[in-house]
Peer 1: 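Pasting a structure below so you can have a look.
Each chain gets a letter, A, B and so on, in the order its sequence line appears, and its residues count up from 1.
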Amino acid sequence: MIIYQNVSKIYDGCVALEGVNTEIKPQEFVSIAGPSGSGKSTFLKLLIGEEKPTKGKVFLDKQNVHLIKDKDLPKLRRKIGMVFQDFRLLSDRTAYENVAFAMEVGGSTNKEIEQDVPQLLELVGLGSKVNQFPHQLSGGEKQRVAIARALIHRPSVILADEPTGNLDLLNSWDIIRLLLKINELGTTIVLATHDREIINNLSRRVVTFDKGRIIRDEEKGRYIF
Amino acid sequence: MIKTTLTRILKSGWQSFWRNYWLSTATVAVMTLALMVVAGLSIFNVMTQEVVSILEGKVDVSVYFHNDAEEAKIIQVKEELQELDEVKSIEYISKEDALAQFQERHKDDPMILQSLQELDQNPLEASLNVKANFASQYESLANYLSQDRFQGIIDKINYKQNKEIISRLNRMTASIQKTGWGISLVLALLAVLVSFNTVRLTMFNWRDEISVMRLVGAGNWFIRGPFLVEGIIYGIVAGAITLILLFPILYILTPKVSSFLPGINLIEFYQANFLQYSVLIIGVGVIIGGVSSLIAVRRYLKA
């Protein structure tokens, strides 16, 4: 479902990714491991069309992501759910409105929104905080809102870029368990992290990056550096 | 579908304006100041034009006729002058009128009145007071009246005495209008730039939100729309505040201005032209707000 073919990305002479070849199958749970600056984020940004590769091709569902016209990029992004380290919620909107926004941009009707949003917030365990603004929520709660938002289009894949980077251990595991549950329900998860604990305890596929190259790709891998 | 999207964009723009009321208040305040400058300048310009035309109205050229000139001939000259394009109005003052006016003017001065009575005939000359459309036209009128055929009946034309005043007025009106427009243009430009920049800074605040919206899959118009609406709301609110604030400001200024420029009533003028001013001020506000937010957002949409 996701294929990287000999992908390189160079920023002003600085190599971010080099000769990356990999494939991610439907319903997989893949961890992208590696130290900061190893190319994990660039790897994800290429998939949502936020960056274009200097060389090579990236496919999502057999579609070359970088041949998609700018005006059609929003449609691609609605097929992918994104979760970030810094949550990236809209600060002047409530939890409910943040999730609803993702539906509004896709043109859902008000009725659909009223039906789906509370359900999803319930699913991530925020049923009682729908009307809170992001600054009224804890880090873990913000990340749950972000996950609910990522799920709203029933995407086939969720990209999580260091989703636990700003969370304590307990909250981190809550978020990881939530991602595992979502994966069980059939969604592909790509989790970029440099958290050794999490990767070692997941025992799922691990693709390890260093200096822009894939140096290891193992089923039930471990974080080794 | 389009209706739902439009409603969402409008609602979202309004929400952003309302929820970030501190930011909105600051932006609206700066825009209000800018619009005040625009309004003030346009009132100032109208006022200088008014002053100039009042001053011009006070200038005239008087043509005095010899005591033996027949009234019929004078009337003939008057009619001839009336044919000229430059002439705005002519007033004929007969010898008797002149005497009556003279007596009226000096009614508190028995010396003068007495000496007048001792004369056996009316010493005052009949005259024509000629007003031109523009101050610059007096010269040609004076030249016209200096023709030989009028020499027999015309005693003197006081243009020569007034010449200095008239030409000074000419220079003054030209420079008042020129500098008035020059200053207005520069100040208006500054005001527009300042509020443009304020709106841009406000939007700069939203650059992260814009990137989030893009990542969530919002199309460009879905992102731009609410900001455009927000910018337009800034313009409308700032415009409305400006229009309201002008009332007390002009109310205070009117007596002061009227005291040295009689005949000019700012508040009356403003009330009479309120509709035009509403359109001008709110229009300028909406354009500044809308355009600056579109330009500001465009930068963050590109990436």
Peer 1: Sub-3.5 Å donor-acceptor pair from the side chain of A:Arg78 to the main-chain atoms of B:Gly217, do we have one?
Peer 2: yes
Peer 1: Among all residues two or more places apart in sequence or in another chain, which pass the side chain to side chain contact (heavy atoms under 4.5 Å, CB included) test with A:Ile10?
Peer 2: A:Val15, A:Thr54
Peer 1: Would you say that B:Met213 contacts A:Leu90 through its side chain, given a criterion of any heavy-atom pair below 4.5 Å between the two side chains?
Peer 2: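 Touching, per the 4.5 Å side-chain cut-off.
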Peer 1: Rounded at 0.5 Å granularity, tell me how far CG in B:Leu215 sits from CD1 in A:Ile48.
Peer 2: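 B:Leu215 CG to A:Ile48 CD1: 4.5 Å, rounded to 0.5 Å.
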Peer 1: Tell me if the NE2 atom of A:His66 is crowded by more than 12 foreign heavy atoms within 6.0 Å.
Peer 2: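 Yes, NE2 of A:His66 has more than 12 neighbouring heavy atoms, counting only those of other groups under 6.0 Å.
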Peer 1: Is it the side chain or the backbone of A:Ser91 that comes within 4.5 Å of chain B heavy atoms, both, or neither?
Peer 2: both
Peer 1: What part of B:Thr5 lies closer than 4.5 angstrom to a heavy atom of chain A: side chain, backbone, both or neither?
Peer 2: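 Neither part.
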Peer 1: Just how far is it from atom CD of A:Glu104 to atom OG1 of B:Thr4, taken to the nearest 0.5 Å?
Peer 2: 10.0 Å
Peer 1: For B:Gln271, look at atom CD and say whether over 12 heavy atoms of other residues, nucleotides or ligands are found less than 6.0 Å away.
Peer 2: yes
Peer 1: Salt bridge check: are A:Glu97 and B:Lys11 linked by an N-O gap of less than 4.0 Å?
Peer 2: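 Not counted as a salt bridge, because no side-chain N and carboxylate O are separated by less than 4.0 Å.
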Peer 1: Starting from the C-alpha separation in whole Å, work towards a yes-or-no answer on side chain to side chain contact (heavy atoms under 4.5 Å, CB included) for A:Asn110 and B:Arg8.
Peer 2: CA-CA 10 Å; A:Asn110 289 337; B:Arg8 282 174 184 165; 2.9 Å; yes
Peer 1: Indicate yes or no: at least one non-hydrogen side-chain atom of A:Arg93 is less than 4.5 angstrom from one of B:Ser12.
Peer 2: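 Touching, per the 4.5 Å side-chain cut-off.
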Peer 1: Closest heavy-atom contact between A:Thr94 and B:Arg19?
Peer 2: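 In terms of heavy atoms, the two residues are closest at N-NH1, 4.3 Å.
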Peer 1: Side chain, backbone, both or neither: which part of B:Asn20 has a non-hydrogen atom closer than 4.5 Å to chain A?
Peer 2: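 Interface part for B:Asn20: side chain.
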Peer 1: For residues 239-248 of chain B, dump all side-chain donor-acceptor pairs below 3.5 Å to protein atoms at least two apart in sequence or in another chain.
Peer 2:
{"residue": "B:Thr242", "atom": "OG1", "partner": "B:Ala238", "partner atom": "O", "Å": "2.7"}

Peer 1: Under 6.0 Å from the CZ atom of B:Arg207, do we count more than 12 heavy atoms belonging to anything else shown?
Peer 2: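 Enclosed: over 12 neighbouring heavy atoms sit under 6.0 Å from CZ of B:Arg207.
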Peer 1: Are more than 12 heavy atoms, taken from residues, nucleotides or ligands other than A:Lys79, located less than 6.0 Å from that residue's NZ atom?
Peer 2: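 Buried by this count: over 12 neighbours within 6.0 Å.
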Peer 1: Which heavy atom of A:Pro74 sits nearest to which heavy atom of B:Ala218, and what is that distance?
Peer 2: CG-O, 3.9 Å
Peer 1: Given heavy-atom pairs under 4.5 angstrom as the criterion, report whether the side chain, backbone, both or neither of A:Leu89 touches chain B.
Peer 2: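 Just its backbone gets close to chain B.
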Peer 1: What distance do B:Ser211 atom OG and A:Arg88 atom CZ have between them, rounded to the nearest 0.5 Å?
Peer 2: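 Reported value, rounded in 0.5 Å steps: 4.5 Å.
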